[in-house]
Amino acid sequence: MDWIQTFNLAAGALFDPLTAAYILCAIGLSVHFGYTGLLNFGQAAFAGVGAYGMAVGVLTFKLPLLLAMGFSLICIVVFALILGIPTLRLRADYLAIVTIAAAEVFRYLMSTIGFASVTGGSNGLSQFGYEFYTWNPIAKGQYVFGPFNWSEEELWLRIVAFGLVGLSTVLVWLMMRSPWGRILKGIREDEDAVRSLGKNVFFYKLQSLIIGGLFAGIGGMVYVISMSNVQPSSWVTTFTFMIWTVLLLGGAASVLGPVAGGMVFFVMLVLTNEILSGLVAIGWLPFLDQPQVGQLRFILIGLALMLLVIFRPQGMFGNKKELRFNV
Amino acid sequence: MSKDIVVGAAAPGCKKVDPILVASNVTRQFGGLTAVNVEHVEIPRGKITALIGPNGAGKTTFFNLLTGFDKPNTGEWTFEGKNLAGVSSYKVARRGMIRTFQLTKSLNAMTVIENMRLGAQKQRGENFFAGLFRFLWSGEEKKITETADDLLKRFKLDAKREDYAGSLSGGQRKLLEMARALMSKPSLIMLDEPMAGVNPALTQSLLEHIKGLKAGGTTVLFVEHDMHMVRHISDWVIVMAEGKVVAEGEPSVVMKDQAVIDAYLGAHHDTDLGTMKKGK
Ligand SMILES: Nc1ncnc2c1ncn2[C@@H]1O[C@H](COP(=O)(O)OP(=O)(O)OP(=O)(O)O)[C@@H](O)[C@H]1O
Ligand SMILES: [Mg+2]
């Protein structure tokens, strides 16, 4: 096993734009679940709407990329309203069911042949993001920092992606120290109590759903710009559960939780893969073959998530008194 | 004394001189059970009114209906002369009619002081955009915190200020809920069993506090099983049984009423009305 290579891969995962994309989605979910108590199991759809909104804006409506991003944010607000208005007056479980179903419906709609002229069907869309690199102010060349070695485009993408993570984190911090955030936390604890104090609970839940959805949508845009294509199969339920893992790992009701959770999660993913593959290669794990390693590490992650929820439900950063699983 | 409360003789559904809340034909059925069936009732303004009745009489359900937490099968009611039926619960609270819950609703994962601050209404920082800029709401927050600290002191919770509400005892949570309800300076406060689980020493000071509310112009309507408290502080007593208002009057008169004692105690005639308490 090549330790240097393993270390470099792990370090690469730390600042991978996809890591940033997941973190952004997890920040959105922290607004939904961590602070408001909304059980959203369709975060993949919010990210997907963000991704498709931008791609369709560029390719079908011929919008400049920045406007297409704005268009995509409007799509997310509309999507949140469609999901939220009928369900947020009902008990918490209804939102869970509706979001999980809506995410599947969204994915099928994107892959169906009927809309293929707009969505690209199951092939998805590509070539919508080139304008992003024309904004790059960084001079051409290779940039080396410690274990990192990035081209100017790779560096630019990482600066923007993690810049967005930083901005979103600050924004959530500002939101949650305000009286507005206090109402969300109250709703998480007991909506009827908050109602009895004269707060329009439905309206605040709707705001939370929209704002958390917007973070996820931005995450979706980062994701597809980094991949340089958007495909329906990206927005599967597994995507949503990876976001949940990231969130719970870091701490659902903590500002830095999603960031730390995302970084630790993806580094662990690389490390377990490398170490297990290495052990298989030198014959220490005779009952495993290489393709099974990929599956085993997800089993290990599932196990880690279970242990985490049981023994440290507040995550790495959360405050135990502030978050228990009382949904 | 009853002259300044009631018009004519005291009787179930009698007219009041200056009612703050007037309800008519309020019914609520759960399946075949009629939990509330109130023909007419008026709550006198600026007084302390007790709503008493045996377990399952429909007192809590009536509270829920009046405050928009439950929908009646029939009925209309007005608050300060304006219709309040069908108004959603948060708007009821904004109109100045605040209630507490029999099963305490403290926000356990928030600190005591944050619970209190949440009680203040129409805060500027409750708007999303204004909330992002602290200087827009920090002044208001300071005033709210002063009011909150003042109330916490009066309810003997000031030592618990920074503790999570979940770490309070049952009685302390009752106190917190009541103090929080007062943050918005309601014109009518509806307390569902405020004394249940509160120790006798504190009961005394709470009674004084409730009297103080009245002196400050707040109307109080409370549900209570503790007859000492009812006798001690209420100006008026309304008795419910099986969903109906069965008696009304001054406390001393109502509690001597044999029909009330029968309705209240049912089969337990050996129990002394003055010592009945409920430990919820
Ligand atoms: N959600 C509900 N579904 C079905 N029945 C209910 C419901 N809420 C209350 N009831 C019934 O309505 C009746 C009145 O209940 P309510 O809670 O109003 O009584 P109460 O006067 O507050 O009693 P207590 O003094 O014990 O608090 C009871 O018979 C109760 O079983
Ligand atoms: Mg009751």
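A note on names: the letters A, B, ... follow the listed sequences, proteins ahead of strands, and every chain is numbered from 1. Computed from heavy atoms alone, side chains included, the values below leave out hydrogens, waters and symmetry copies.
- How far CZ of Arg117(B) is from CD1 of Ile183(A): 13.5 Å, rounded to the nearest 0.5 Å.
- Counting only distance, with no hydrogens or angles, the side chain of Tyr90(B) and the backbone of Phe202(A) share no donor-acceptor pair below 3.5 Å.
- To the nearest 0.5 Å, atom NZ of residue Lys199(A) and atom CD of residue Glu126(B) are 3.5 Å apart.
- Under the ring-ring contact (aromatic ring centres under 6.0 Å, His included) criterion, Phe222(B) pairs with no residue at all, not counting sequence neighbours.
- With values rounded to the nearest 0.5 angstrom, Phe129(B) atom CZ is found 12.0 Å from Ser178(A) atom OG.
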### Task
Evaluate side-chain contact (heavy atoms from CB on, under 4.5 Å) for Thr67(B) paired with Arg195(A), printing each intermediate quantity in order.
CA-CA 10 Å; Thr67(B) 51; Arg195(A) 234 174 241 126; over 6 Å; no

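- We find the OG-CE distance between Ser196(A) and Met190(B) to be 11.5 Å, quoted to the nearest 0.5 Å.
- Neither the backbone nor the side chain of Arg95(B) comes within contact range of chain A; no heavy atom of the residue lies under 4.5 Å from a heavy atom of that chain.
- Of all heavy-atom pairs between Glu189(A) and Asn108(B), the closest is OE1-N, 3.6 Å.
- Here CZ of Arg134(B) is found 4.5 Å from CZ of Arg177(A). Values are rounded to the nearest 0.5 Å.
- Within the 4.5 Å cutoff, side-chain heavy atoms of Arg94(B) are placed close to those of Asn200(A).
- Side-chain contact between Glu141(B) and Pro179(A) is present, with at least one heavy-atom pair separated by less than 4.5 Å.
- Using a 4.5 Å cut-off between heavy atoms, Arg124(B) makes no contact with chain A at all.
- Within the 3.5 Å criterion, the main-chain N or O of Leu107(B) finds no donor-acceptor partner in the side chain of Lys185(A).
- For a residue to count as touching a neighbouring chain, one of its non-hydrogen atoms must lie under 4.5 Å from one of that chain's; by this rule Glu114(B) touches chain A with backbone and side chain alike.
- Within the model, atoms CG of Asp190(A) and CZ of Phe101(B) stand 7.0 Å from one another, a figure rounded to the nearest 0.5 Å.
- At a 4.5 Å heavy-atom cutoff, the contact between Ser89(B) and chain A is made by backbone and side-chain atoms alike.
- At most 12 non-hydrogen atoms from other residues, nucleotides or ligands lie less than 6.0 angstrom from OH of Tyr94(A).
- Only the side chain of Phe69(B) has a heavy atom closer than 4.5 Å to any heavy atom of chain A.
- Interface remark: Ala130(B) contributes no atoms to any contact with chain A (heavy atom separation under 4.5 Å).
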